[in-house]
There are 2 protein chains.
Amino acid sequence: MFIIFDYMEPVTLKNIASELGISVTTASKALKNYPDVSPKTRKAVVDLAKKLNYTPNSFAVNLRTKESKIIGLIIPEIVHHFFSSVINAIIKKAEKKGYLVITLQSNESDKLEEKQIDLLLDKRVDGILMSLSNNRKDLSPLKKIIESETPLVLFDKISKVINCSKVIIDDRKAAYSATKHLINSGCKNIAHFRGPLNPQNSIDRFLGYKKAIEDYKLTFDKSLIYTCEKVTYKEGYNFAKQLHLSNKKVDAIFAITDLVAIGAITYFNEANIKIPEQISIIGFSNWFMASVISPSLSTVDQPGNEMGKTALKLLLKEIKATKKGKKIEYKTIVLPTDVICRNSTKK
Amino acid sequence: MFIIFDYMEPVTLKNIASELGISVTTASKALKNYPDVSPKTRKAVVDLAKKLNYTPNSFAVNLRTKESKIIGLIIPEIVHHFFSSVINAIIKKAEKKGYLVITLQSNESDKLEEKQIDLLLDKRVDGILMSLSNNRKDLSPLKKIIESETPLVLFDKISKVINCSKVIIDDRKAAYSATKHLINSGCKNIAHFRGPLNPQNSIDRFLGYKKAIEDYKLTFDKSLIYTCEKVTYKEGYNFAKQLHLSNKKVDAIFAITDLVAIGAITYFNEANIKIPEQISIIGFSNWFMASVISPSLSTVDQPGNEMGKTALKLLLKEIKATKKGKKIEYKTIVLPTDVICRNSTKK
DNA sequence: CTGAAAGCGCTTACAG
DNA sequence: CTGAAAGCGCTTACAG
């Protein structure tokens with residue numbers, strides 16, 4: 001045969017068909033294992049396809065099947081151990097299931113988050129996974145996703161009023177356990193470095209803290225609540241300093257996040273305040289660093305991997321159901337957390 | 001008018017055209033600002049498109065234009081501060097330029113890496129950005145990318161023999177500076193916790209270390225070289241212990257990575273060895289944690305953000321050139337690094 | 001200024 | 001078992 005393919009042009013079904021003197025239809029069916037193709041023809045097609053390194057043009061496949069085989073993921077920040085491990089789990093599992101993942105980072109900006117939702121919808125991703133930015137108040141962008149019939153699963157930072165599947169931890173309970181751990185170890189005046197006022201997350205952790213204080217007959221003292229706007233290391237450091245210089249009687253801190261807790265630890269180390277003898281500190285997330293800082297940080301383990309996996313599993317199920325035109329029933333899955341005792345709290 | 005669109009069906013150009021009684025061609029041109037459309041028609045189309053929330057079907061656009069507007073990114077590990085910040089920069093900048101990013105993680109497995117290359121090529125991404133896994137020896141998968149005419153830019157962990165653009169730091173020089181910093185502060189017996197034997201990165205850092213030792217007339221001692229297979233915290237910890245128990249005369253360590261350095265710091269802290277008085281430690285990367293650990297870790301700043309931005313910039317340029325059928329000239333960009341002096345080394 | 005037509009590369013219902 | 005035809009939803013060269 002003297003048919004030569006320009007090696008730059010990708011091989012198409014048409015090439016294969018004409019090379020073999022058969023129709024595009026048959027070539028397509030042969031490669032897709034349709035039963036109504038003779039073994040001989042099938043073999044010829046498969047062999048030639050392999051020889052020419054044929055791969056179906058995904059643009060054409062997408063257009064025909066109306067599926068992108070892409071999942072969109074929007075998170076507030078990648079450079080954050082918890083989210084890194086969530087992404088990780090999602091990407092890995094998606095790949096196994098034949099999906100690729102487009103990741104976008106809202107940077108805690110609700111405007112950007114909205115644009116990113118539009119980008120993903122325009123791209124016609126098969127489903128969207130989101131952890132909301134702290135400032136999200138207007139929920140219409142989320143409703144837009146749902147109206148577009150694109151399956152949506154929220155995880156970690158969710159909105160209770162949006163009607164979709166969710167994967168979360170019980171922040172209130174987890175914060176309760178963390179505070180209880182401090183109380184059980186003998187602490188009586190426990191400060192809380194909380195997160196911003198809006199996100200459900202930080203509200204729940206605050207409420208869990210408060211509940212524990214009250215249940216165990218300690219006095220809730222509003223002046224021991226410090227509100228981190230950005231939830232940074234720096235804020236942890238500064239509030240620790242502020243607390244110290246205020247001369248308030250405090251023997252423990254429950255911080256919204258390990259990062260904030262580590263900021264506090266750094267300050268107290270510098271100020272020569274002994275942890276946990278003079279002040280106990282417990283964080284939240286079980287970031288890798290928590291085990292490495294000195295003293296090592298007691299914290300609440302937040303299962304990032306598990307959360308990513310679970311969220312993706314739910315999403316894929318909904319994608320499948322949607323494709324079949326089935327009604328989706330939304331689930332909210334609550335993953336368990338553990339308090340991890342290290343050296344920043346007393347035994 | 002009584003034409004009603006099923007609200008579930010996405011709006012197409014055809015819908016708009018028939019609603020307005022014009023052709024699809026004209027509707028398309030109107031939205032794409034072709035000059036040969038009357039202002040009146042244009043306005044009608046644009047208004048209706050807006051009213052109906054029309055967005056072009058990207059599958060169709062992709063198929064027509066043969067562009068996916070997606071960039072593929074393969075890195076060894078996401079949960080790693082340096083790569084997180086690279087991803088970050090890439091995603092942000094890509095978004096601004098109208099591209100979305102599919103991220104894949106090779107997990108240091110060359111087999112997986114190959115599969116992922118195929119996935120991205122099958123997806124017909126417009127370009128690929130890669131940082132190679134440590135085990136990459138067979139370069140044919142990379143050549144496959146190049147043969148497919150998909151622009152490829154390697155960053156950080158590259159292969160010198162592959163003919164494509166690259167963004168790197170001068171690892172040898174950076175390691176030289178780090179070692180020199182130890183020497184200048186009075187250290188004479190400097191151990192090196194190096195990376196695996198294969199990756200160029202770890203070879204170069206080793207060579208930079210060795211060069212500095214020799215230039216400054218210290219004796220290079222092979223027994224002071226410890227090779228991390230996985231470049232983990234644990235290895236840093238264990239080698240520090242091994243080194244300590246060996247009773248070798250050593251007053252400094254240059255570690256391939258902050259993570260390894262922090263492992264070492266943790267061991268020495270536990271063993272009550274004073275840093276930097278008894279042993280100085282310098283790391284590599286300037287991971288966030290380096291500034292927070294105690295003592296804070298001197299290190300080499302590796303500009304992740306800059307690297308991500310630069311790599312993407314090069315890639316987009318090549319994508320544009322390829323589209324125009326222009327010849328690409330490959331560049332290798334070397335980004336500057338700095339030694340950051342903190343408290344784990346003497347002044 | 002407008003539109004008919006071709007075509008991107010597939011998939012699949014249908015006819016034979 | 002095979003293939004002609006329609007169609008997914010766009011874009012664009014071309015004719016008028």
Side-chain angles (χ1 to χ4, degrees), chain A residues 5-6 8-46 48-49 52-69 121-124 126 148-149 323-324, chain B residues 5-6 8-46 48-49 52-69 121-124 126 148-149 323-324:
Chain A
F5 300 122
D6 178 348
M8 280 319 155
E9 292 305 318
V11 182
T12 65
L13 273 187
K14 208 166 126 190
N15 298 147
I16 291 179
S18 77
E19 178 79 350
L20 295 174
I22 61 174
S23 72
V24 170
T25 305
T26 303
S28 171
K29 285 189 201 166
L31 289 172
K32 300 194 74 200
N33 271 321
Y34 276 49
D36 58 346
V37 178
S38 74
K40 202 181 129 197
T41 307
R42 182 188 318 285
K43 185 169 182 328
V45 174
V46 169
L48 185 58
L52 299 178
N53 273 321
Y54 169 77
T55 57
N57 181 314
S58 67
F59 301 154
V61 176
N62 292 341
L63 182 59
R64 270 300 312 225
T65 60
K66 295 176 188 288
E67 281 182 294
S68 60
K69 290 286 178 179
L121 291 179
D122 287 356
K123 205 77 194 172
R124 277 156 164 90
D126 294 340
S148 78
E149 300 242 281
K323 212 162 55 181
K324 289 188 187 160
Chain B
F5 300 122
D6 178 349
M8 279 319 153
E9 291 306 317
V11 182
T12 65
L13 272 188
K14 206 166 130 190
N15 298 148
I16 291 180
S18 78
E19 177 80 349
L20 294 174
I22 59 173
S23 72
V24 169
T25 304
T26 304
S28 171
K29 285 191 200 162
L31 289 173
K32 300 197 72 198
N33 273 319
Y34 275 51
D36 58 346
V37 179
S38 75
K40 203 181 128 199
T41 308
R42 184 189 316 285
K43 187 172 184 324
V45 174
V46 169
L48 185 58
L52 298 178
N53 273 320
Y54 169 77
T55 57
N57 181 316
S58 67
F59 300 154
V61 175
N62 292 342
L63 182 59
R64 268 304 308 225
T65 60
K66 294 176 189 287
E67 280 185 295
S68 60
K69 289 285 177 181
L121 291 179
D122 286 356
K123 206 74 192 175
R124 278 154 163 89
D126 294 340
S148 79
E149 299 243 281
K323 213 163 56 183
K324 289 187 187 160

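Every heavy atom of this structure was used, including side-chain atoms; hydrogens, water molecules and symmetry mates were not. A, B, ... follow the sequence lines: proteins, then strands. Residue 1 opens every chain.
Remark: the A:Ser23 side chain and the D:dA4 base include no donor-acceptor N/O pair separated by less than 3.5 Å. For a distance-only test at 3.5 Å, the side chain of B:Lys29 qualifies as a donor-acceptor partner of the base of C:dG3. You'll find a donor-acceptor pair under 3.5 Å spanning the side chain of B:Thr25 and the base of D:dT12, going by distance alone. The base of C:dT12 does not come close enough to the side chain of A:Ser28 for any donor and acceptor atom to sit less than 3.5 Å apart.
When heavy atoms are screened at a 4.0 angstrom cut-off, A:Tyr34 is found touching the sugar-phosphate backbone but no base atom.
When both pairing distances are held under 3.5 Å, C:dC14 makes a Watson-Crick or G-U pair with D:dG3.
Between the C1' atom of C:dC10 and the CD1 atom of A:Ile16 lies a distance of 12 Å, rounded to the nearest Å. The CG-P distance, from A:Leu13 to D:dG3, rounds to 13 Å in whole Å. Here the C1' atom of nucleotide D:dA15 and the CG atom of B:Asp36 are 13 Å apart, to the nearest Å. Look at CG on A:Asn62: it is 18 Å from P on C:dC8, rounded to the nearest Å. Distance A:Ile22 CD1 to D:dT2 P: 8 Å, rounded to the nearest Å. B:Leu63 has its CG atom 13 Å from the P atom of D:dT12, to the nearest Å. D:dT12 atom P lies 6 Å from atom CZ of B:Arg64, rounded to whole Å. Here D:dG3 presents its C1' atom at 16 Å from NZ of A:Lys14, a figure rounded to the nearest Å.
Here B:Asn62 contributes atom CG and A:Lys123 contributes atom NZ; the two are 5.0 Å apart, rounded to the nearest 0.5 Å.
When each of B:Phe59 and B:Lys32 is assigned the nucleotide of DNA chain D with its nearest heavy atom, B:Phe59 is the one assigned upstream, toward the 5' end.
If you check the side chains of B:Asp126 and B:Ser68, you find a donor sitting under 3.5 Å from an acceptor.
Only one option out of B:Leu31, B:Thr25, B:Val45 pairs with B:Leu13 in a side-chain contact (heavy atoms from CB on, under 4.5 Å); it is B:Leu31.
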